[in-house]
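Report on one structure; see the data block that follows.
Worth knowing before you read on, the calculation uses all heavy atoms, side chains too, and leaves out hydrogens, waters and symmetry mates. Start at 1 and go down the list; that is how both ligands and their atoms are numbered.
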Amino acid sequence: MTPTNSLLFLDLRSLNLEHRDAFHQALDRVMNSGQFIQGDELSSFEQEYAAYCGVDHCVGVGSGLDALHLTLRAWDIGPGDEVIVPSNTYIATWLAVSHSGATPVPVEPRLDTYNLDPELLDSAITSRTKAIIAVHLYGQPAHMDAIVAIARNRRVRVLEDAAQAHGACYKGSRVGSLGDAAGFSFYPSKNLGALGDAGAVTTNDKALAERLRSLRNYGSSRKHHNEERGFNSRLDEFQAALLRIKLKYLDGNNAIRSELAKKLIDGLRGTDAVLPEVPSWVQPAWHQFVVRHAMRDNLIKRLDDAGVQSMIHYPIPPHRQRAYSDTPLAQSCLPISEKIHKEVLSLPLNPLMSNRDIERILSAFQQREQGF
Ligand SMILES: *Cc1c(COP(=O)(O)O)cnc(C)c1O
């Protein structure tokens with residue numbers, strides 16, 4: 001049982017109640033407009049989010065999974081094609097490829113950044129490879145210059161999975177602007193979270209944006225005319241209105257995350273935990289603060305005893321999930337990913353936390369240093 005005074009991993013209730021009055025006004029505005037799907041709130045949010053990411057187009061869709069899946073479809077990627085994915089990511093990255101009909105080809109990450117190892121990419125590309133999905137895992141941008149250079153050289157596309165990295169920067173540019181297109185999720189617990197499901201694609205490619213607008217809407221870009229067999233995957237007016245409010249706080253909240261992360265890194269130096277490595281050219285969004293520990297269960301218990309909730313992102317790698325047990329992917333040899341899945345632990349890190357919460361996390365680690 002969790003004691004009532006424990007440090008919650010993420011308190012979504014409090015996080016959203018901070019905007020209660022603004023939310024109520026926005027919901028009233030939508031109700032009074034009488035437009036609930038594909039109205040002014042969505043087009044305003046799309047413009048605002050495209051500007052925020054520094055791209056020409058943003059297309060709102062129903063979820064992060066749909067953002068990735070529909071982009072692959074819009075690129076006509078399907079059966080017989082291969083798409084490179086990181087071996088350690090949330091399974092949605094792989095599912096997007098599987099739903100398109102193409103085959104996910106896992107490539108191992110670097111153990112220090114947990115992101116795609118560019119040195120392993122070239123040998124994973126075949127004549128069937130159509131795209132690379134680069135995930136900015138835990139909010140830290142992948143090494144995009146190296147990834148894009150290899151992709152250009154081999155004539156494959158780059159799709160960013162930016163579901164965990166809203167607002168993160170790579171060499172001064174925002175994620176969402178670093179490849180040919182990017183998929184975002186606004187799932188409630190993400191750095192920019194709706195109060196339900198939502199997602200978006202950002203891109204500078206006008207033709208891609210237009211195709212996505214059709215694909216999300218039954219394959220129709222003109223009422224009663226269906227150019228292709230599309231989907232129903234739209235970002236509704238209520239969620240768009242709430243996201244417009246929360247977007248204004250994204251940079252401020254990411255800055256708080258960044259300060260807290262710095263305090264955790266400073267305070268945990270010299271302990272038995274392996275700390276996040278941040279290359280000097282990235283500014284992470286700190287979606288998760290992830291440490292690695294050889295005796296993870298022991299660490300979870302120490303944190304538990306101190307009333308600190310922790311979580312594992314993720315306990316089972318995609319190739320070990322039942323979802324892929326009937327495919328050759330189940331036999332993949334991915335030792336780095338497996339090591340990561342056995343050892344990682346996410347500590348609480350969110351904009352509601354105070355210095356006292358940081359102290360509490362640090363003291364749970366210090367108990368071990370004193371012989372525990
Ligand atoms: C959350 C997430 C997704 C999926 O987003 P949904 O909106 O839940 O569909 C995809 N990729 C990554 C890396 C994620 O963290």
Side-chain angles (χ1 to χ4, degrees), residues 9-10 12 45 49 58-73 83-100 104 106-107 109 113-116 131-142 144 147 158-168 175-176 178-179 181-202 212 215-216 231-236 239-240 242-243 246 254 257 284-290 311-319 321 323-324 337 340-341 344 346 349-350:
F9 189 77
L10 182 62
L12 280 178
F45 173 70
Y49 199 63
C58 168
V59 181
V61 294
S63 71
L65 173 57
D66 284 356
L68 300 170
H69 167 218
L70 295 183
T71 301
L72 297 175
R73 291 246 172 194
V83 176
I84 290 176
V85 293
S87 55
N88 70 317
T89 176
Y90 184 57
I91 194 171
T93 314
W94 289 39
L95 294 177
V97 179
S98 298
H99 292 333
S100 77
V107 167
T113 62
Y114 307 121
N115 276 327
L116 263 186
I132 299 167
I133 305 185
V135 181
H136 307 309
L137 199 67
Y138 309 140
Q140 175 158 310
M144 293 303 291
I147 294 168
V158 178
L159 173 57
E160 295 173 76
D161 179 343
Q164 304 190 355
H166 318 71
V175 304
L178 306 169
F184 285 90
S185 163
F186 306 117
Y187 181 82
S189 65
K190 310 283 172 158
N191 285 33
L192 179 59
L195 272 68
D197 276 312
V201 179
T202 57
L212 285 166
L215 275 174
R216 74 177 174 187
F231 299 82
N232 175 349
S233 180
R234 296 171 302 215
L235 201 176
D236 68 72
Q239 299 303 341
L242 304 181
L243 285 168
K246 290 183 84 173
N254 280 350
R257 287 175 185 267
W286 292 107
H287 176 59
Q288 304 294 357
F289 186 94
V290 175
M311 284 182 79
I312 300 171
H313 297 98
Y314 299 90
I316 306 171
H319 71 282
Q321 296 285 358
Y324 285 100
S337 178
I340 290 170
H341 284 78
V344 286
S346 306
L349 181 93
N350 62 70

Tell me every residue that passes side-chain hydrogen bond (donor to acceptor under 3.5 Å, both in side chains) with Lys246, counting only those two or more places apart in sequence or in another chain. Asn16
Pairs under 3.5 Å, N/O atoms on ligand 1 and on the protein: can you put them in a table with the distances?
| unit_1 | atom_1 | unit_2 | atom_2 | d |
| --- | --- | --- | --- | --- |
| ligand 1 | 5 (O) | Ser185 | OG | 3.2 |
| ligand 1 | 7 (O) | Gly64 | N | 2.8 |
| ligand 1 | 7 (O) | Ser185 | OG | 2.6 |
| ligand 1 | 9 (O) | Gly64 | N | 3.3 |
| ligand 1 | 9 (O) | Leu65 | N | 2.9 |
| ligand 1 | 11 (N) | Asp161 | OD1 | 3.3 |
| ligand 1 | 11 (N) | Asp161 | OD2 | 2.8 |
| ligand 1 | 15 (O) | Gln164 | NE2 | 2.8 |
| ligand 1 | 15 (O) | Lys190 | NZ | 2.7 |

Listed by chain and number, what are the salt bridge (charged side-chain N to carboxylate O under 4.0 Å, His left out) partners of Arg216, not counting sequence neighbours? Glu46
Would you say Trp94 and Gln321 make side-chain contact, with heavy atoms under 4.5 Å? no
Going by distance alone, is a donor N or O of one side chain under 3.5 Å from an acceptor N or O of the other, for Ser98 and Tyr324? yes
Assign the ring pair Phe186 / Phe45 to parallel, tilted or perpendicular, where the plane angle (0 to 90°) is split at 30° and 60°. perpendicular
For Tyr114, side-chain hydrogen bond (donor to acceptor under 3.5 Å, both in side chains) partners two or more places apart: Arg292
